[in-house]
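Report on the structure given below.
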Amino acid sequence: MPFRCNGQNCRTTGGLRVLLLLAGVYHLLLALWVNFWPFHLFDFLGLPHPNHPALWRVLGMLPGFLGIALIIAAKDPIRHWGVSVLGLLKSMMTILFVATAIVRGELPTTALVILVIDDLIWLPFFCLNLWYALRAHAGIPPSRSVPYSIDEASAVYRVSDGRSLAEGAAEAPLVLVFLRHFGCTFTRQILRGLQELEQQAKQNNASLVIVHMLQSGEEINYLGQHSDVPRIADPRCELYRAFGLGKGGFYELFGPHVWWRGMIAIFKGCGIGHLAGDGLQMPGAFLYHQGKVIASQPAHTAADLPDLAALFNTRSLS
């Protein structure tokens, strides 16, 4: 792990602090360069000098402010992760602006050299800092060093109707839908289609049970008209672990597929809420009956939604 945590205090243990310090020094030197030698960049790119060099100097001071902030943040990158957000936004906006200008012929291709030195080289470090900060603050540490077995967890965890998971699964097959945190746009998408999931489960002589990561009772604020759906509270994610659902990596949580599906969900009105649960926890769906997992559908990315038709077809083939 690239950082260590003592309670709520997490600090990096690798070279990220040095890299952010170098990024800060670079941006500070860039601001000094633009202010003391404002025409060097234009001469390098073969462009005419600006008509208002004073305005160019003022704009050149902005990287300096970012550089000072990065130097301060380098002392504790995880605590001051917001500075990396500013650096990331600055780099992405500059990349977009310069790339567009090159395509349109407004800047020569030699501007790519500036783009690499000024933005592309620092972009991975800003992303890395944000990833470390997310893992340090968004994840919920397990309360047990050794995970429950499915049998142990089924005896311990209780459905909202009072039965243990083992008792409920002994009576009829249960479709266990493990959710991501309630602020996730994909969880919101699942909740919008909860009635359809319940109907699909009933058509296959099974019962739907959702598993969430809040304290029992807190989920009511998010379920709305579906507050009567059977559910299990798992604030420490131990039931998730028992069924083999772990934490997502960068690709599983922020890969291209996740961004694409996320934009579609947001366009459909699912929206995004505040973090309500473990932001790293992966979802999944399982068909569970009489102590056995009959069919499983662990998510490969955060965007994977439960497909009950495929889940029941898998059961019929096994």
Side-chain angles (χ1 to χ4, degrees), residues 142 144 147-182 184 186-246 276-278 281-300 302-318:
R144 294 168 53 92
Y148 283 118
S149 67
I150 291 181
D151 289 339
E152 291 172 333
S154 298
V156 171
Y157 282 88
R158 310 194 77 81
V159 186
S160 55
D161 59 13
R163 298 174 299 168
S164 69
L165 177 56
E167 292 170 342
E171 299 174 5
L174 298 181
V175 177
L176 300 176
V177 175
F178 290 80
L179 303 175
R180 276 182 44 76
H181 67 91
F182 277 109
C184 175
F186 304 115
T187 297
R188 290 169 170 240
Q189 191 172 356
I190 291 174
L191 295 180
R192 289 179 65 173
L194 208 53
Q195 185 175 1
E196 182 180 350
L197 292 179
E198 286 185 292
Q199 292 175 350
Q200 286 182 280
K202 290 179 180 179
Q203 290 171 0
N204 288 274
N205 300 316
S207 299
L208 178 69
V209 177
I210 62 172
V211 184
H212 62 86
M213 294 176 276
L214 296 182
Q215 296 290 341
S216 181
E218 294 181 2
E219 75 281 1
I220 297 297
N221 299 325
Y222 301 92
L223 292 178
Q225 61 180 347
H226 302 295
S227 59
D228 59 340
V229 64
R231 54 198 179 274
I232 298 175
D234 184 20
R236 283 294 178 182
C237 301
E238 298 293 357
L239 188 59
Y240 284 79
R241 294 179 72 199
F243 277 81
L245 297 176
D278 189 332
Q281 181 61 55
M282 294 293 287
F286 299 84
L287 187 59
Y288 183 57
H289 186 41
Q290 295 181 344
K292 295 181 180 180
V293 175
I294 301 174
S296 62
Q297 216 171 64
H300 298 293
D304 292 348
L305 303 178
D307 184 351
L308 297 198
L311 191 70
F312 285 108
N313 286 339
T314 303
R315 182 272 307 268
S316 63
L317 294 175
S318 59

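- Looking at Ser216, its side chain never comes within 3.5 Å of a backbone N or O of Ala233 through a donor-acceptor pair.
- Considering Leu191, Ile210, Val229, Ile190 in turn, Ile190 is the only one that fulfils the side-chain contact (heavy atoms from CB on, under 4.5 Å) rule with Leu197.
- Around CD of Gln199, the count of heavy atoms belonging to other residues, nucleotides or ligands within 6.0 Å exceeds 12.
- A distance of 4.5 Å separates CG in Leu165 from CD1 in Ile232, rounded to the nearest 0.5 Å.
- Nearest heavy-atom pair, Ala206 versus Leu287, reported as atom, atom and distance to 0.1 Å: CB-CD1, 4.5 Å.
- Pairing each heavy atom of Pro147 with each of Arg241, the nearest pair is CG-NH2, 3.2 Å.
- Between the CE atom in Met282 and the CG atom in Asp304 there is a gap of 6.5 Å [rounded to 0.5 Å].
- A donor-acceptor pair under 3.5 Å is absent between the side-chain atoms of Glu171 and the main chain of Gly168, judged by distance alone.
- Nearest heavy atoms, Ala242 versus Ser149: CB-O, 4.0 Å.
- Shown here for His289 and Ala170, the closest heavy-atom pair between the two residues is CE1-O, 4.1 Å.
- Counted by atom type alone, Asp234 and Tyr240 present zero donor-acceptor pairs between their side chains at under 3.5 Å.
- In this structure the side chain of Cys237 reaches within 4.5 angstrom of the side chain of Asp278, judged on heavy atoms.
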(request) Show your reasoning for whether side-chain contact (heavy atoms from CB on, under 4.5 Å) applies to Tyr148 and Val156. (result) CA-CA 9 Å; Tyr148 283 118; Val156 171; 4.1 Å; yes
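- In this structure, the side chain of Thr314 does not engage the main chain of Ala295 through any donor-acceptor pair within 3.5 Å.
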(request) Please step through side-chain hydrogen bond (donor to acceptor under 3.5 Å, both in side chains) for the pair Tyr288 and Ser154, ending with a clear verdict. (result) CA-CA 10 Å; Tyr288 183 57; Ser154 298; 2.6 Å; yes
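- Contact of the Arg188 side chain with the Tyr222 side chain is not registered, since no non-hydrogen atoms from C-beta on lie closer than 4.5 Å.
- Here the closest heavy-atom approach between residue Ala169 and residue Leu174 is recorded as N-CD1, 3.6 Å.
- Between the Gln281 side chain and the Gly246 main chain, a donor and an acceptor come within less than 3.5 Å of each other.
- Between Val177 and Val211, the closest side-chain pair of non-hydrogen atoms is not below 4.5 Å.
- At least one donor-acceptor pair under 3.5 Å links the side chain of Glu219 to the backbone N or O of Gly217.
- With a 4.5 Å cut-off on side-chain heavy atoms, Arg158 and Arg163 do not count as touching.
- Proximity of Arg231 to Leu223: side-chain heavy atoms (C-beta onward) are separated by under 4.5 Å at one or more points.
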(request) Evaluate the criterion side-chain contact (heavy atoms from CB on, under 4.5 Å) for residue pair Leu245 and Phe286; output intermediate values, then yes/no. (result) CA-CA 11 Å; Leu245 297 176; Phe286 299 84; 3.8 Å; yes
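- Aromatic ring orientation, Phe243 versus Phe178: tilted (interplanar angle from 30° to 60°).
- For residues 192-218, the ring pair (Phe, Tyr, Trp, His ring centres under 6.0 Å) pairs, not counting sequence neighbours, are Phe182-His212.
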